[in-house]
Amino acid sequence: MEKIQIENKDVLSFVSQADIDALEGAAKDGLKKLIDGTGAGNDFLGWVKLPAETTPALLDDICATAAHLRNECDAIVCIGIGGSYLGAKAVIEALGNAIGKNNGPEILFAGQNIGEDYLYDLQQYLAGKRFGIIVISKSGTTTEPAIAFRLLKAQLEEKVGRVAAGKLIVAINAANRGALRSLANTERLKTYVIEDNVGGRFSVLTPVGLLPIAVAGYDIKALIKGAQDMQAATLDGSDTTALKYAMTRNALYRDGKKIEILVNYNPKLHFFGEWWKQLYGESEGKDDKGIFPAAVDNSTDLHSMGQWIQEGERSIFETVISVSRQAHEVRIPSDPDNLDGLNYLAGKRVDEVNKMAELGTRIAHVDGGVPNMRIILPALQEEFLGQLIYFFEAACGISGYILDVNPFNQPGVEAYKRNMFALLEKPGYEEATKAIKARL
């Protein structure tokens, strides 16, 4: 099986192999807690064995729903926030055309912000299009997606009528609770379930991610196959990449490297960085602990963040995602005048230049005091992305347990919501409203 690999040799001048190996017991204990469900947050471990438990019948059903939406719609709006949209967007962007429209409906996103102009522009854009909606929420009352769904559902019903609109809306929600489940039951919408034991940031391999990815035209069966392979190898101990990553990053953290920068040299991976930031930031950043996750797109960001990374405070390390094979070949032509001085590159593939930019940067950053890990991804294909998703999820759980935090809760996320509801005078928040207005 061709699979992702990890290299950490370029951290060994900063922390020793003995420092990393000292965490092996804690890492293996963390993996055992994931498998046995004996660690903190064990009521949110539904993702651990999810790929193997995903049935062919479910995948066939998702593909059939996707085919219906692809046939009926020019655009699909995926409504959700956090893990309810980032995972799908990460995979769709990684597999799609970098420029221009892909083959099939345009996949748009809403509910990930409360931008009035954003929603206005989206509604104006959809006015002349056949569109459908995938709405994702366990509760149905999360403010950002609830606002977007109310607006877009009304627009769709005005456009095609309530009955026809119901055939173009798919709800992905909790099995037996929540406002969205009640609405879906009342209006007989097509639904899929987000199990209560799967948190949003770990949900990309559920219908939350699979349906939008399938609507975009990509092979969700290959995606799940890659995740299944990585799950089996990780849980039986035959693949130790997740353990190695968790151990290495925690050894660096203990040595004072408090910021991890996920680096890519392929612009299609931008939203993978955004998904990874939520996965690790929300899982580890608690109890006054945690590595701060950041991401850059190189070589673009070498012209903006490169100076700080090269010579700024030495509190950082980098994890580079390196894609071995590109889908297409572009060679640099020769020019008789050579005014740009590039003839020394004539005949070379653009990817060869990119790979040398990556290698040269990694050498420079290590020389400048920045430890570097490298994750080698064979290609931007569904199978390998499935592997990468499961690898990062498993390593995240293990790493959180090494840190001695609960990797599966997010109590800090609720603080802004309480203040926002109080300021908006939401029913039930009367005392909080009085208190916060007194502060102001």
Side-chain angles (χ1 to χ4, degrees), residues 69 73 75-89 92 105-162 165-166 168-174 177-187 189-192 194 199-201 203 207-209 211-212 215 271 274-275 278 282 410 412-430 432-433 436-437:
L69 292 175
C73 301
I76 299 293
V77 184
C78 184
I79 299 175
I81 194 167
S84 296
Y85 93 100
L86 277 172
K89 190 165 178 63
I92 291 167
E106 187 174 7
I107 309 299
L108 304 168
F109 293 88
Q112 79 277 34
N113 60 55
I114 322 176
E116 187 164 16
D117 285 346
Y118 182 95
L119 287 166
Y120 175 85
D121 290 344
L122 177 60
Q123 289 194 284
Q124 292 297 112
Y125 185 75
L126 293 171
K129 290 182 165 48
R130 301 181 306 156
F131 75 93
I133 298 170
I134 300 170
V135 56
I136 303 162
S137 177
K138 281 184 181 178
S139 68
T141 59
T142 303
T143 307
E144 294 90 341
I147 290 171
F149 184 48
R150 178 178 284 204
L151 287 166
L152 294 175
K153 182 174 181 287
Q155 181 178 0
L156 183 59
E157 288 176 348
E158 183 178 351
K159 187 181 186 69
V160 301
R162 188 170 183 179
L168 299 173
I169 299 174
V170 180
I172 304 176
N173 45 28
R177 62 179 176 86
L180 184 56
R181 168 57 62 183
S182 297
L183 182 145
N185 289 344
T186 299
E187 302 195 7
L189 304 179
K190 174 68 177 178
T191 64
Y192 292 98
I194 314 170
R201 59 189 179 274
S203 67
V208 168
L211 179 58
V215 172
F271 273 94
E274 297 302 301
W275 170 78
Q278 185 199 359
E282 200 166 64
Q410 52 279 338
V413 174
E414 301 305 314
Y416 93 88
K417 294 181 183 179
R418 289 192 296 270
N419 289 341
M420 178 177 69
F421 294 152
L423 290 165
L424 290 169
E425 301 184 19
K426 182 176 179 177
Y429 284 77
E430 289 81 6
T433 297
I436 201 165
K437 286 189 174 181

Next on the checklist: Applying side-chain contact (heavy atoms from CB on, under 4.5 Å) to Val77 and Ile79, what does each step give before you reach the verdict?
Outcome noted: CA-CA 6 Å; Val77 184; Ile79 299 175; 4.0 Å; yes

Side chain proximity check, [X] to [Y], heavy atoms < 4.5 angstrom:
| X | Y | answer |
| --- | --- | --- |
| Leu152 | Phe149 | no |
| Tyr429 | Glu425 | no |
| Ile172 | Ile134 | yes |
| Arg201 | Gln410 | yes |

[atom1]/[X] to [atom2]/[Y] distance, rounded to the nearest 0.5 angstrom?
| X | Y | atom1 | atom2 | answer |
| --- | --- | --- | --- | --- |
| Glu157 | Leu168 | CD | CG | 11.0 Å |
| Glu116 | Ile147 | CD | CD1 | 10.0 Å |
| Asn113 | Glu144 | CG | CD | 8.5 Å |
| Leu122 | Asp117 | CG | CG | 12.5 Å |
| Leu211 | Lys190 | CG | NZ | 9.5 Å |
| Thr143 | Leu424 | OG1 | CG | 8.0 Å |

For residues [X] and [Y], report the shortest heavy-atom separation together with the two atoms involved.
| X | Y | value |
| --- | --- | --- |
| Ile136 | Ser84 | CD1-O, 3.2 Å |
| Ala179 | Thr141 | CB-CG2, 3.9 Å |
| Gln112 | Tyr118 | NE2-OH, 3.2 Å |
| Ala422 | Thr433 | O-OG1, 2.7 Å |
| Ala110 | Ala148 | CB-CB, 4.0 Å |
| Pro212 | Ala88 | CB-CB, 3.9 Å |

Sub-3.5 Å donor-acceptor pair from the side chain of [X] to the main-chain atoms of [Y], do we have one?
| X | Y | answer |
| --- | --- | --- |
| Ser203 | Val208 | no |
| Gln155 | Gln123 | yes |
| Lys89 | Phe271 | no |
| Glu187 | Gly166 | no |

Next on the checklist: Does this structure show an ion pair linking Lys153 with Glu158, if we count only N-O contacts that are shorter than 4.0 Å?
Outcome noted: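 Result for this pair is no, no salt bridge flagged.
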
Next on the checklist: Walk me through whether Leu108 and Tyr125 qualify under side-chain contact (heavy atoms from CB on, under 4.5 Å).
Outcome noted: CA-CA 11 Å; Leu108 304 168; Tyr125 185 75; 4.0 Å; yes

Next on the checklist: My understanding is that only residues two or more places apart in sequence, or in another chain, count here; which of them pass side-chain contact (heavy atoms from CB on, under 4.5 Å) with Ile107?
Outcome noted: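 Ile76, Ile92, Phe109, Val215, Ala216.
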
Item to check | Pairing residues for Ala184 by the side-chain contact (heavy atoms from CB on, under 4.5 Å) criterion, not counting sequence neighbours | outcome: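 Applying side-chain contact (heavy atoms from CB on, under 4.5 Å) to Ala184 gives Ala171, Asn173, Leu189, Thr191.
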
Item to check | Under the salt bridge (Lys or Arg N to Asp or Glu O under 4.0 Å) test, residues paired with Glu106 that sit two or more places apart | outcome: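 Glu106 satisfies salt bridge (Lys or Arg N to Asp or Glu O under 4.0 Å) with no residue once adjacent residues are dropped.
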
Item to check | Residue pair Val135, Val170: steps toward the side-chain contact (heavy atoms from CB on, under 4.5 Å) verdict | outcome: CA-CA 6 Å; Val135 56; Val170 180; over 6 Å; no

Next on the checklist: Looking only at side-chain N and O atoms, does Tyr85 offer a donor or acceptor that is under 3.5 Å from a partner on Glu274?
Outcome noted: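 The criterion, which ignores hydrogens and geometry beyond distance, is not satisfied for Tyr85 and Glu274.
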
Item to check | Charged tip of Lys417 within 45° of Phe421 ring normal and under 6.0 Å | outcome: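 No.
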
Item to check | From CA spacing to verdict: side-chain contact (heavy atoms from CB on, under 4.5 Å), Lys426, Met420 | outcome: CA-CA 9 Å; Lys426 182 176 179 177; Met420 178 177 69; over 6 Å; no

